[in-house]
Amino acid sequence: MDATRDKILEQITEVLVDALGVDEDEVLPEATLMEDLGAESIDFLDIVFRLEKAFDIKIEREELFPVETLMNDPALVQDNVLTDEGLALLKEKMGHSDITEFEKDPNVNRLGDLFTVNAVVNFVETRLR
Amino acid sequence: MRWIWIDRFVDFQSGRRASAIKNVTLAEEHLHDHFPGFPIMPECLMIEAMAQTAGILVGEARAFQEKVILAKVKKAVFFHYVCPGDSLRIDAEIETITPEAASTRGTLSRASETIAEIELLFSHVDQNLGGSEFPRQNFVFEDNTFKSLLRSFLAERPTDQNAEHPRSPLEPST
């Protein structure tokens with residue numbers, strides 16, 4: 001891990017510790033925000049606001065955690081499973097997350113697995129470039 | 001009828017900051033039980049005072065068109081007890097406001113003494129429905145109770161302050 005990425009992870013750890021009330025040592029790169037760190041829907045807004053402030057960037061709605069875009073369109077989700085079109089859109093929007101595993105069983109209930117600490121680091125790193 | 005927990009605004013800068021006063025009195029019955037012989041203001045009611053001050057600030061910033069709901073207490077730290085007879089000043093400012101939410105921060109103080117630091121997150125609930133349904137009418141601001149607090153401030157505001165304060169949507173356009 002290079003120095004810049006290290007520094008980004010350090011700042012993101014601070015954001016997540018403050019936003020979610022978790023311990024620093026729980027914020028591992030592979031930790032999922034919902035399952036492992038206990039984030040609820042409103043916490044995502046809080047996290048986005050805090051990231052904007054910490055890194056002096058502007059994050060558009062659904063840019064970091066694109067959920068509503070996918071969920072509210074029947075062409076993208078059928079019977080709780082992402083359609084090919086849905087998967088394509090997810091890939092396009094979530095370049096900051098590795099969706100290889102998710103693709104094998106693209107059930108929307110597993111979308112939370114994509115929102116990891118690593119995904120947030122990737123997102124911020126790309127934005128700062 | 002809504003429950004109002006602040007007494008009046010003493011400053012209001014649209015979309016930026018607001019300050020309100022809350023006078024604490026032993027006539028508030030809960031103080032008789034919290035605690036018998038040692039009446040102190042419950043901390044949750046200090047958060048409520050901030051939620052109302054900051055909530056009206058956030059609501060006014062979008063011309064009271066949004067249903068502004070307290071979604072999260074981001075931080076609440078208390079340094080001193082508050083007792084009957086105390087006059088609390090609540091200073092709130094908007095940190096971030098977007099179409100779907102707003103975050104605020106501020107302090108409660110007594111004279112020059114900081115009593116509490118409180119940071120809140122408000123949801124513009126219609127923008128965060130996630131499939132849920134809420135009543136169509138604005139149940140937060142519709143009955144005008146909260147707005148009346150702001151109207152009183154605007155009515156009493158010295159005219160020389162008008163130049164530095166943008167016009168509020170509560171004020172009639174001329």
Side-chain angles (χ1 to χ4, degrees), chain A residues 11-24 33-34 37-80 82 86 107-109 111-112 115 124 127, chain B residues 15-17 43-44 47-48 50-52 54-55 57-59 61-62 65-79 92-107 116-134 136 139-140:
Chain A
Q11 274 179 278
I12 286 173
T13 302
E14 200 177 315
V15 162
L16 295 175
V17 165
D18 288 344
L20 303 175
V22 291
D23 289 334
E24 213 177 300
L33 300 187
M34 294 169 86
L37 303 181
E40 295 178 20
S41 58
I42 200 69
D43 294 320
F44 287 100
L45 276 173
D46 187 14
I47 291 167
V48 164
F49 283 173
R50 287 176 192 263
L51 290 173
E52 287 186 332
K53 197 173 159 193
F55 294 99
D56 196 21
I57 53 177
K58 181 83 195 106
I59 303 172
E60 295 301 327
R61 182 174 194 177
E62 293 279 294
E63 204 181 350
L64 182 53
F65 308 114
V67 175
E68 280 180 35
T69 314
L70 292 165
M71 303 290 276
N72 296 334
D73 188 341
L76 305 175
V77 178
Q78 275 167 18
D79 299 324
N80 281 339
L82 284 190
N107 191 300
V108 288
N109 294 318
L111 268 177
F115 304 142
V124 171
R127 288 297 300 271
Chain B
R16 294 173 57 200
R17 62 179 74 241
E43 279 86 354
C44 57
I47 296 176
E48 176 65 24
M50 178 59 80
Q52 294 197 6
L57 175 66
V58 169
R62 290 288 184 269
Q65 295 306 299
E66 298 288 349
K67 300 177 184 112
V68 176
I69 300 292
L70 175 61
K72 182 173 177 178
V73 178
K74 292 167 59 182
K75 174 187 171 187
V77 185
F78 306 94
F79 303 105
E93 66 176 53
I94 292 178
E95 243 181 347
T96 312
I97 186 161
T98 66
E100 62 270 26
S103 86
T104 66
R105 67 173 173 209
T107 58
E117 293 171 354
I118 299 176
E119 297 178 6
L120 303 175
L121 186 69
F122 293 91
S123 170
H124 291 151
V125 82
D126 284 341
Q127 316 296 331
N128 294 294
L129 289 177
S132 311
E133 285 187 19
F134 280 84
R136 285 186 64 185
F139 50 84
V140 183

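Lettering follows sequence order; numbering is per chain, from 1. This one's a predicted model, so the numbers in the text were calculated from it and none came from an experiment.
Between the CD atom in A/Glu60 and the OG1 atom in B/Thr98 there is a gap of 10.0 Å [rounded to 0.5 Å]. For the atom pair CD1 (A/Ile42) and OG (B/Ser123), the distance works out to 4.5 Å, reported to the nearest 0.5 Å. Taken to the nearest 0.5 Å, the CD atom of B/Glu95 stands 4.0 Å off from the NZ atom of A/Lys53.
A 6.0 Å sphere centred on CD of A/Glu62 holds more than 12 heavy atoms belonging to other residues, nucleotides or ligands. Annotation: A/Asp56, atom CG; neighbour count of heavy atoms from other residues, nucleotides and ligands within 6.0 Å does not exceed 12. Surrounding CG of A/Asp79 are at most 12 heavy atoms belonging to other residues, nucleotides or ligands under 6.0 Å away.
The part of A/Glu52 that comes within reach of chain B is its side chain, from C-beta onward, which places non-hydrogen atoms under 4.5 angstrom from that chain.
The two residues A/Phe49 and B/Ser103 make their nearest non-hydrogen contact at CD1-CB, 3.7 Å.
Not counting sequence neighbours, the partners of A/Arg50 by the side chain to side chain contact (heavy atoms under 4.5 Å, CB included) test are A/Val15, A/Asp18, A/Ala19, A/Asp46, B/Lys74. For B/Thr107, the side chain to side chain contact (heavy atoms under 4.5 Å, CB included) criterion is met by B/Asp91, B/Thr114, B/Glu117, not counting sequence neighbours.
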